[in-house]
There are 2 protein chains.
Amino acid sequence: MTEKDGTSGTPGHPGVTTARHGDLFDADCPTRLLLDRVGSKWTVMIVLLLADGEELRFGALRRRMPGVSQKMLTHTLRQLEDDGLARRRVEPTSPPAVHYSLTVLGDTLVGPLRELKRWAEANMGAIDALRTSRSGSVPE
Amino acid sequence: MTEKDGTSGTPGHPGVTTARHGDLFDADCPTRLLLDRVGSKWTVMIVLLLADGEELRFGALRRRMPGVSQKMLTHTLRQLEDDGLARRRVEPTSPPAVHYSLTVLGDTLVGPLRELKRWAEANMGAIDALRTSRSGSVPE
DNA sequence: CCGTATCCATAGCGATACTG
DNA sequence: CAGTATCGCTATGGATACGG
C-alpha cells in the first residue's frame, strides 16, 4: 500500500506504522546498514583491493592504502570479517603472516561498488565544474 | 576542514606511484567524495524518494523520513543542490511552497544506488544470519 | 511553511606507544 | 609482522528555539 498523508493533526504516531514503500526508511533496514559500512572511510577501498580473488597480507594492504592507520585497517577488516565479506587466513609461521581475501558474498558486492566508482569518476568532475562555474546557470 | 589546495605543496607520495587501479586511493578522489555523500545519513533516502521524476515539497519529504530533523533535511538538500543533483523550486506564495526534485545528473545516480539497495536487501539478511549462527562454520 | 542558528552528545578516526 | 590500547580531535547529526 502506498503511504498516506497523515494530516490527522496528531503528530504522535498513527496506528499503522512502517507502511512506506520498500524500506530504507527504517532505522534498521538493510540498506542503511550497508551504507553505513560503505560510507566508512576504508571499507570500499579494501573490498576493491581484494576484488577478483586477490589475496593480500595485512602489510600489503597497508602499503596500498596511503594514510590508513593500523588501528583503522584492523578495525575495518574485522568488520568485513564479521559481516562475512572477507576472510582471514593466518599462516602460523614466525612472525605470523595473515592473508585477507573476499568471500563469495564479498565478491558479489564488487559489482555494485564498481558501478558507483564508475559513476563517481564520470560525474564528480562535472559536479566540481558546476560548483566553480556557478554564474547563474540553472541546473537542468 | 583542512582542505588542501593542490598548488605546489603536494605532500609527496614517496616512491609509490599510487596509480595502481584508478584512484580512490587519494584523499581527493571522486569516489571518496561520492562515498562521503552517500554515506551520510539521509542523502540516499532523499535521492530515492525523488527518483523517477518525483517532485516533493519540504514537508512531504520530511513526513516520509521519520526521524529526520529540519536541520539535517535542509542541510542534506543543500548539499544535493550544491552538487547539482537536486533542484529547488520556490513558489512565492504565502506561506512559500518549496519543491525539490532531481536534476538529470541526480537521476543517473538512482540506478547505481538502487543496485546497492537491491544488494543490501538480498544479502544483509544473510549477513545477519551469519552473525547469529556463528557456530564454527567457515566462510566460503 | 520553510529555513537558520545554537548547543551538545557521540562516533569516527588519526597518532602514538606497547605486546606476542 | 600483526594486533591492541589509550588519547584526543573534529565531523556528524540530534534537540531546541527563533525568524521571515
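Proteins come first, then strands; the chains are lettered A, B, ... in the order of their sequence lines, and each starts at number 1.
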Review point. Atom CG of B:D36 to atom C1' of D:dA11: distance rounded to whole Å?
Key: 11 Å
Point to revise | Flag, side chain of B:T76 to backbone of B:W42, donor-acceptor distance under 3.5 Å | key: no
Exercise for review: Identify, between A:P96 and A:V68, the residue whose nearest nucleotide on DNA chain C lies closer to the 5' end.
Suggested key: A:V68
Practice item. Provide, to the nearest angstrom, the distance between the CD atom belonging to B:E81 and the P atom belonging to C:dC2. Key: 14 Å
Practice item. Examine D:dC1: is either OP1 or OP2 under 4.0 Å from a nitrogen or oxygen in the side chain of A:Y100? Give yes or no. Key: no
Practice item. Pick out which of B:L80, B:D83, B:V38 makes a side-chain contact (heavy atoms from CB on, under 4.5 Å) with B:T43. Key: B:L80
Check your understanding: Expressed in angstrom and rounded to an integer, what is the separation of B:R88 atom CZ from C:dC2 atom P?
Key -> 10 Å
Point to revise | Length of the NZ-C1' vector between A:K41 and D:dA11, whole Å | key: 11 Å
Revision key, fill the gap. Residues passing the salt bridge (Lys or Arg N to Asp or Glu O under 4.0 Å) test with B:R62, sequence neighbours excluded, are none
Check your understanding: Taking CD from A:E91 and P from C:dG20, how many angstroms apart are they, rounded to a whole number?
Key -> 23 Å
Practice item. Please examine the side chains of B:L116 and A:T31, heavy atoms only from C-beta on, and report whether any two atoms are closer than 4.5 Å. Key: no
Review point. In whole angstroms, how far is the C1' atom of D:dA11 from the CG atom of B:L35?
Key: 17 Å
Review point. Under a 4.0 Å heavy-atom cut-off, which of residues 69-79 of chain B touch DNA chain C?
Key: B:K71, B:T74, B:R78
Practice item. Measure the shortest side-chain to side-chain distance between A:R32 and A:L35 over non-hydrogen atoms and say whether it is less than 4.5 angstrom. Key: yes
Exercise for review: Name the nucleic acid region contacted by A:S40, choosing base, sugar-phosphate or nothing; use a 4.0 angstrom heavy-atom cut-off, strictly under.
Suggested key: sugar-phosphate
Check your understanding: Is any side-chain heavy atom of A:E55 closer than 4.5 Å to a side-chain heavy atom of A:R89?
Key -> yes
Point to revise | Spacing of B:H99 atom NE2 relative to C:dC2 atom C1', expressed in whole Å | key: 12 Å
